[in-house]
Protein chains: 2
Amino acid sequence: MAVDRDQVLRSAAALLTRKATSTMDEVARAAGISRATLHRHFAGRDALVRALEALGIAECEAALEAARADEGPAADAVRRLVRAIEPSAGLLAFLYTENQLFEGEEQNRGWARIDAGLTELFRRGQESGEFRIDLTPVWLTEALYGLLASGAWAVAEGRVARNDFTHMIAELLLGGALRREEP
Amino acid sequence: MAVDRDQVLRSAAALLTRKATSTMDEVARAAGISRATLHRHFAGRDALVRALEALGIAECEAALEAARADEGPAADAVRRLVRAIEPSAGLLAFLYTENQLFEGEEQNRGWARIDAGLTELFRRGQESGEFRIDLTPVWLTEALYGLLASGAWAVAEGRVARNDFTHMIAELLLGGALRREEP
DNA sequence: CCTGGGTGAGACATTGCTGTCTCATTCGGG
DNA sequence: CCCGAATGAGACAGCAATGTCTCACCCAGG
């Protein structure tokens, strides 16, 4: 027995990614447990979302770590980062939109740290001359979130191949749609 | 009296953009009318969302028209389009996330036409050699939606200046974060 | 001055989800 | 084998939002 809390969280993330308004009952069924048991592990929907938020933050920080965002050319760091964060993109998309509902509420301190890490990466790229300076690091960070969410949904609906996810996001973010002049 | 239906729709759009889970009562108050009157004009929340969807579609088509998406260099057309669509970005963001909930449901035919128009624009840019061919037109369309939503939220939360909206989105989408080689 | 359409305020039942509780069952360890 | 912890199933009340209805009001046009 002893329900695997982490596995419950992951199936909840997968379900809520597809349907953000899923019921506690649906979440429980998706995890293969009863609503009562789900309630024993997460006091309520709110607690569940908080736990998912913590999971998302942990995965983002792990990705930031694994991608060694502060090493080497910033562009390569961005590519590594997108690759590392891909498995979490669905969860991120859910949390990203969910956060739009918290209105004034102060955001979790974890997000602030991740935002800072990303912003720093883009700032570093600007200082090294790799990135253009007319797009602010804050905007590039927001754009990355938006592209991750778009990408996750596009993949979920079959409009983009899963294998292309990393390439599509990283290359659009870095190079844009315009064709580069031949080097 | 005769409540101005269009004005109600616009205030609803503005409110739901900020808080997607707003109550019918909140929507009514935001429009300065009573819930009863709101109900007389829109049979229910569902009907309201449908009407907002129709409004969003109409504004998108108008923007697509006004931007003359099929004329001149594709890159310039994209810039005109982003500029023309900016006032609707908040509504678009709301509808974009709302649509994630409709799961299987067949999407409105209007969106299909707009998607087709955008995809065609990007395809045209590829054929003319302006746009790179490793990013599919479908993905560029999705990315545009995602960036519009990100941009709208970032502006709403004060992370990006409203005046920069068009530039940030269009230039990131077209040119990406990397600095161009000096021409 | 009337009259009627449009409105606001509020009551009401309904619905769907939530949170809590109970009870029977099951499974694993001692 | 036996016991206890964890679970599943279901009942139950509470709650928030919805949709419907009534009634009084106001104001513009006849």
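Here C:dT18 presents its P atom at 10 Å from CG of A:Leu48, a figure rounded to the nearest Å. Going from atom CG of B:Leu38 over to atom C1' of D:dT20 covers 14 Å, rounded to whole Å. Taking atom CZ of B:Arg5 as the reference point, atom P of C:dT7 lies 13 Å away to the nearest angstrom. The distance between atom CG of A:Asp46 and atom C1' of C:dT18, rounded to the nearest whole Å, is 12 Å. B:Ile33 has its CD1 atom 14 Å from the P atom of C:dG6, to the nearest Å. The interatomic distance linking B:Phe42 (CZ) with D:dT20 (P) rounds to 15 Å, in whole Å. Summarising the geometry, the separation between CZ on B:Arg29 and P on C:dT7 is reported as 17 Å, rounded to the nearest angstrom. For the pair A:Asp4 CG and D:dT7 C1', the interatomic distance rounds to 15 Å; values are reported in whole Å.
Look at B:Arg124 and B:Glu120 and you find no salt bridge, because none of the NZ, NE, NH1 or NH2 atoms lies under 4.0 Å from a carboxylate O.
Between A:Thr37 and D:dG8, a side-chain N or O to OP1/OP2 separation shorter than 4.0 Å is present.
A donor-acceptor pair under 3.5 Å is absent between the side-chain atoms of B:Trp139 and the main chain of A:Val160, judged by distance alone. The closest donor-acceptor contact from the side chain of A:Glu130 to the backbone of A:Ala74 lies under 3.5 Å. The closest donor-acceptor contact from the side chain of B:Thr141 to the backbone of B:Pro137 lies under 3.5 Å. Using modelled atom types, no side-chain atom of B:Thr23 and backbone atom of B:Glu26 make a donor-acceptor pair closer than 3.5 Å. Panel note: side chain B:Arg113, backbone B:Glu61; no donor-acceptor pair is recorded below 3.5 Å.
Side-chain proximity of B:Met24 to the nucleotides C:dT18, D:dG10, D:dT18 is greatest for D:dT18. Closest approach to the B:Thr23 side chain among C:dG19, D:dT18, D:dG8 is made by D:dT18 (side chain taken as heavy atoms from C-beta onward).
Heavy atoms of other residues, nucleotides or ligands lying less than 6.0 angstrom from CZ of B:Arg162 number 12 at most.
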- Message: In dot-bracket form, 5' to 3', how is DNA chain C paired? Count Watson-Crick and G-U wobble pairs only if both distances fall under 3.5 Å, and write | where the partner sits on another strand.
- Response: ||||||||||||||||||||||||||||||
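A residue-by-residue look at A:Ala36 and A:Asp25 shows that A:Asp25 has its nearest nucleotide of DNA chain C further toward the 5' end. Along DNA chain C, the nucleotide closest to A:His39 and the one closest to B:Ser34 are compared, and the more 5′ of them pairs with B:Ser34.
In the interface, the side chain of B:Arg40 is paired with the base of C:dG8 through a donor and an acceptor atom under 3.5 Å apart. Side-chain atoms of B:Arg35 come within donor-acceptor range of the base of D:dG19, with a qualifying N/O pair under 3.5 Å.
Residue-level contact check: A:Arg45 touches the backbone only, with heavy atoms under 4.0 Å from sugar-phosphate atoms and none from bases.
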